[in-house]
Each structure stands twice: as C-alpha cells, then as structure tokens.
Amino acid sequence: MQSDWRRTHHCGELRVSDTGKTVVLNGWVNSLRGYNQQVFVDMRDRYGITQAVFESDTVSQQKDLFQIAEKLGREFVIAVLGKVRPRLPGKENLDHATGSVEVLASEIRVLNQCPTPPFEVTEFPGEEIAGEDIRLQYRYLDLRRPSLQKILAMRHCMNKVIRDYLDRDGFLELETPLLGRSTPEGARDYLVPSRVWPGAWFALPQSPQIYKQLLMVGGYDKYYQIAHCLRDEDLRADRQPEFTQLDLEMSFVKQDDVLEVIERLTVEVFAKCVGAKIARPFTRLTCAEAMARFGSDKPDLRFAMEIVDLTDLGLKTEFRVFKEAVEGGGKLRGICAKNAAGRFSNTDLKPGGKLSDFVIQCGGKGLAWLKVENGKITSTIEKFIPKEVQEEMRARLGAVDGDLILLVADKEEIASQALGSLRIHLARQLGLLDGLSGQYQICWVVDFPSFIFDAEEKRWVANHHPFTSPREEDLGKLESDPGSVMARAYDLVINGYECGGGSIRIHDPEVQARLFSVLGMTPEQARHRFGFLLDALKYGAPPHGGIALGLDRWAMILAGTANIRDVIAFPKNQKARDLMTGAPASVDARQLKELGL
RNA sequence: GGGGGCGUAGCUCAACUGGUUAGAGUACCGGACUGUCGAUCCGGUGGUUGCGGGUUCGAAUCCCGUCGCCCUCGCCA
C-alpha cells in the first residue's frame, strides 16, 4: 500500500506550471477547513504549505476517501495522491508560494495519527507562542515550527559557508578526542569514569585547545574543527553547558594573520547566511580603551552613550562621596542618557530606587545624577557642585535639554563596570536597541593583560588561558610584574556578545614553564599535569596561534534572538536539565558497580 | 549559594483595594455550511488558581514554607 507510493514533490514546490501532474505529497496536517461536501487540508513540511482538497463527489478507487479526510486531525502525518490544478480565479492565497495551486486528492494514506498537541505548532504573527518549558518538553513538536526550522537551516548555512571557505583556504578539518585528561584551571570539567581503570576519570573537553596545539606540533599548519565543547558551569541566556565552537589554529602566523582569516570568513558568513554587508577591517579597541569608553570588554557599539571621565571635576565639588573616591585614587565617571530625564523619576534615582539599586548590584556604592531640563540643571546634589562645574560636566557629556546624566564615583574598575552595565540596562529600557535587527557592529578587542590577581586564591590566574603567549617585550617582567604583562590575545565582539577569542600561543617550552610558575604551579605539578605539552613543545613546536568562535552565539545574532536555546535543536534548560528526556537521571546500580562507584 | 520576576482551563492571558458561581481568545468535542485558507456560524466539555500551611466572615489576591520556570551576580582558564 504505502510502499508503492513515493513522494514526488515537497509542500513548498508546486506552481501553476505543474498543472495536470499527478503528484504524491507527504506532510503534517497544518490546518483543516471543512464543509459537508468538501474539505481543505493545509499540508506542511519544512519547505512550505500546500493545500489539498477533498470533495465528496470525487470518483476514486478509494471509496472512503472523503470519510478519512473528514476525520483528520492537526499534526496527523499523511500522504496524498492527487492532481495539481490551479485555484479558481480570485481564490489564490498569496501568503504561500504554492498558493496559486492545490492538489485535488484522489487517494489518501494516514501514515500516523496524533492526539491533540499540548500546544499549537502553527505560528501566527504577533501572537504569543507557548511557554518555553512545555516547548522543551515536547521539543520534537516545537522543532516543527517554521521559525525554528528556519534558524536550524541557517545554522546549516553557517557550517557550510565555514567549511567551504576554510577548505578553499587550505585548512584541514580534523577531529580530536572527547575523552581526554582533566586539566586544572579554567571551567569545571564534566567527568566520565573509566570502567577499565576503576577510580580514574576522563574529562570531556572544555575546548580542543591542547589537542589543536599538538596538531600544530604534528605539522598540520592549518586546522579547524566544528567542535562540541562542554563546561560544567551555571547557565545564562547565552550560555549552555554543551556548545559548539569553530576551533581553528594556524602555524607560522602572527596575530594579524589570524584576524584577517576570521574577518574574511565573517564577511562571507554574514553575506551568505543573512545577506548582510560587513565592512572590514573591523574596528579594533584595546581592552583598556573598551573598559574606559564602554565599561566592558565586550562593548555593544550599536549605540553611543560612552562613558566620560570627570575625575578632575570630582575634586572641584563639595560632594563628599566624589571627593573621597577621587582622593582615594578612584575615578568619577558618567554617562549621558539622551532624552531620559523625563523617563526616570527621582524615586527611581534615589537610594533604594530602581536605577540606584542596579548600580549597587553592580558593586557600586551608589548613583548620582543630574537632569538637564528647561534650560537648567537639577539634582539632589546640586548644592554641593558649583554651577560652573555642573556646566563643565554637562558640556563634557554633551548633555542637552531633556538628558539625564548618571555619575558613579568608585575604584576605577567598579566605576567603569557599573556604568558599563548601566549603559546596557538603559539602552534596553530606552529602546535604543529596538528596530536594530539586521544591524551588526563588530569589533576586535585586543591587548588583554595576561594575568589577573585572584584575591580569593591570592595568586595570579591566567586571564585567557595558560598557553597564551605574552607580548615578547613583556617577557622580561613575567616574574617581576605579572600584572603589567600583556597577552597576544584577541576577542571578537559582535553586538555586545563575546563571539570568539583566541591568541598566539606559547611555543617555547621554557616560556611555558615560566608561565606555569607564575600561576603558582611547582615544576613538579606542571610536569605532572602538562608534561606531555612541555615535551611536545621541546620537539620542534612551530610558532602558532588561533581562535575559537562561539557558533551558538553567532547563530543567535544572525537569527536575531536573545536566547541561545532558540538556536539549538535540543538545549538544556537554565538548571542544565533536558526537559524532554529528563537527563540527567539516575542509573542502574549495576552500571555504577561496573564503574567501581 | 545570593538578588529579581513569574506560576490561573490543553495553550496564551484577564480577574480593581481581599468580596457573587474564577472569565476571554484559542484548542478540543458536537451540529450547520460546496471555495475555504488563522474559514464562518450555533452549541458544548474543560479549573486542586503549582503544592503545603497560616491570617480572615471570606484568599487566585495577603503572610510563611516548598517546588518549578526565566533573568541576573558569583562562576564561565
């Protein structure tokens, strides 16, 4: 019966030029419209929607044709054999590419039934789709939604463009193990117990970092891989425990060589996947500049609202908070929110108010403000600031009537970061990001410090990772002044998302050993943990460097969504659970016993 | 682990300051209808207001606890 039928066309394919053809369509019932003598069925597959018509007076080998059509339900899987005919004049449906034709059914097979779905698969513009947890629980139904299918097809496009581009450029796609060795530092590992070696554990890769460096030692001078990476850390709207990177490494290159490959690749991906033109070279900001101007090492450049330094003016006020912060070596900095004076009440701004609380959550001590309204400046701290200083602040921030100036005085790092977070927060509240779909602001952030001092552990930790090469000119102060050592590292930032990061690596075993030492490892510990790498570097490691791109975040940006789960077929929820399968779940006692657990 | 938000019909939401029998749209079921297309029209089913406790004459609403989901800080070399 069914086996002698073969799909001849998909549901987005038929046109008027196909008139008269006998066709077989397969698909899901998207919707039904019935009369007592006539039933219209919209059949859906991932290509589109085609209307099939069943008429009670159709002469067919199948006697029960109309009775079956009448009893169809949404999401039934059906095969329809019939003849293509143009729709009656004026009855075309321009919403669908196939809307000028329909298939007059002469036979139908119900390939599978479906109970009433827990939510509606059909999407309507401007209407809310079902809540996320129920969609994740029935992800296979959610995956039928055209918008999700479009995103996953776009990811396919990304992968294909990447592979085509890198292949053309002479890169080899090579695989690296999933079962590897746990390395300290960095993200928490997912661990896999060894049955053969009871008590010993594999770690799933946080990234193929060390393996790709070993491939460089092995002579594969241009490597890439679209790799799954796993990190057992808490989730965010743009973070999953399991995610996909374009991992790439090159030998005999300098930083600019890597950046150029990625810039050209980026231009191609954006052009081919979403039809966007990206200009290059990309903007480059040093880490210090990004922090000073935007309060973030992943600045969103789609809007201005830059941070302005007013430290010198802090001393010219009688406001104790400002003076004490500045005299203590801190900074006074501010941003100007355009046309926001009327948007925030004094209640929002004063201690305990929404904006003030926001700054405190960012680690700041509080928020000061000036409103420019009706040609004058008002503020609760107005009386502590001489008029000419107020005017100087207004001028430096470029504030005009209607604007709101927000000030934070604190240690430099806190002042910058708090204002950086506030900048993003305000942009969302003020709608500065609305209507920006299809706009992409891409930049490199470069010149990161190699080390950050971990106050809790009281030691230097690697800012990027411990294989990142310091700048050659900084090698001399590796031990004497680690805080001033700059790394040959770079991040790719798109619309405020960190979408990639990489570095030129250390290829000299002695430098690598020194770096481990700065991080507080004894030579014995370094040998125990990374002996294989130190050995490999000894045996003729070429200079090399590379980058990894977070493809899930790329997909988010290209798809215009703020939720990473929207671009992954089977994502985990915020608590790292798979609501569909129930993973993680307990296992049989026997399995544990075999593993010696 | 901390902070914030949410939880009402299968789904999306409403229900004023605590006050009648918790409503609407949609889905679903039944009926009418020969050109619909998010069909329409008529009728109907559907509720432990997440769960447990408390305050009250009276709780979806207030309080406490708990569970779940989302955002966020910490964390993410």
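The structure presented is a predicted model; accordingly, all values stated were derived computationally and were not measured. So you know, we letter chains A, B, ... as the sequences are listed, proteins then strands, and number each from 1.
- One N or O donor and one acceptor, one from the side chain of A:Gln574 and one from the base of B:U72, sit under 3.5 Å apart.
- Distance from the side chain of A:Arg239 is smallest for B:C76 among the nucleotides B:U34, B:U36, B:C76.
- One can place CD of A:Gln38 at 14 Å from C1' of B:U40, the figure rounded to the nearest angstrom.
- A:Gly131 comes within contact range of the sugar-phosphate backbone alone, with a heavy-atom separation under 4.0 Å but no base atom that close.
- Taking only distance into account, the side chain of A:Asp133 never meets the base of B:G68 through a donor-acceptor pair shorter than 3.5 Å.
- Comparing the P positions of B:G18 and B:A27 gives a spacing of 36 Å, expressed to the nearest Å.
- Inspection of the A:Gln574 and A:Arg239 side chains reveals no N or O donor paired with an N or O acceptor under 3.5 Å.
- Taking the P atom of each, B:G58 and B:G19 are spaced 14 Å apart, rounded to whole Å.
- Between A:Arg181 and A:Thr183, the side chains place no donor N or O within less than 3.5 Å of an acceptor N or O (distance only, hydrogens not considered).
- Contact check, A:Arg236 against B:C71: no side-chain N or O comes under 4.0 Å of OP1 or OP2.
- Here the two rings, on A:Tyr140 and A:Phe570, have centers that are 6.0 Å apart or farther.
- Using a 4.0 Å heavy-atom distance criterion, A:Asn463 is classed as a sugar-phosphate-only contact.
- A:Arg85 comes within 4.0 angstrom of a nucleotide base, judged by non-hydrogen atoms across all strands.
- In this model, the phosphate group of B:C69 is approached by a side-chain N or O of A:Arg577 to a distance below 4.0 Å at OP1 or OP2.
- In this entry the distance linking CD of A:Glu75 with C1' of B:G10 reads 14 Å, nearest Å.
- Remark: ring of A:Phe40 stacked against base of B:U36; centroid gap under 5.5 Å, plane tilt under 30°.
- Nucleotide B:G43 is matched to B:C29 when pairs are restricted to Watson-Crick or G-U wobble geometry with both distances under 3.5 angstrom.
- The phosphate of B:U34 has OP1 or OP2 within less than 4.0 Å of a side-chain N or O from A:Asn36.
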Report, one line per pair, each donor and acceptor closer than 3.5 Å where one atom sits in a side chain of residues 355-362 of chain A; sequence neighbours left out.
none

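- In this structure, A:Arg74 reaches the sugar-phosphate backbone alone: every heavy-atom distance under 4.0 Å involves primed, P, OP1 or OP2 atoms, never a base.
- A:Thr122 comes within 4.0 angstrom of no nucleic acid atom, judged by non-hydrogen atoms across all strands.
- Residue-level contact check: A:Leu519 touches neither bases nor backbone, having no heavy atom under 4.0 Å from any strand.
- Under 3.5 Å, the side chain of A:Gln361 and the base of B:G4 form no donor-acceptor pair of N or O atoms.
- Regarding A:Arg565, its CZ atom lies at a distance of 11 Å from the P atom of B:C69, rounded to whole Å.
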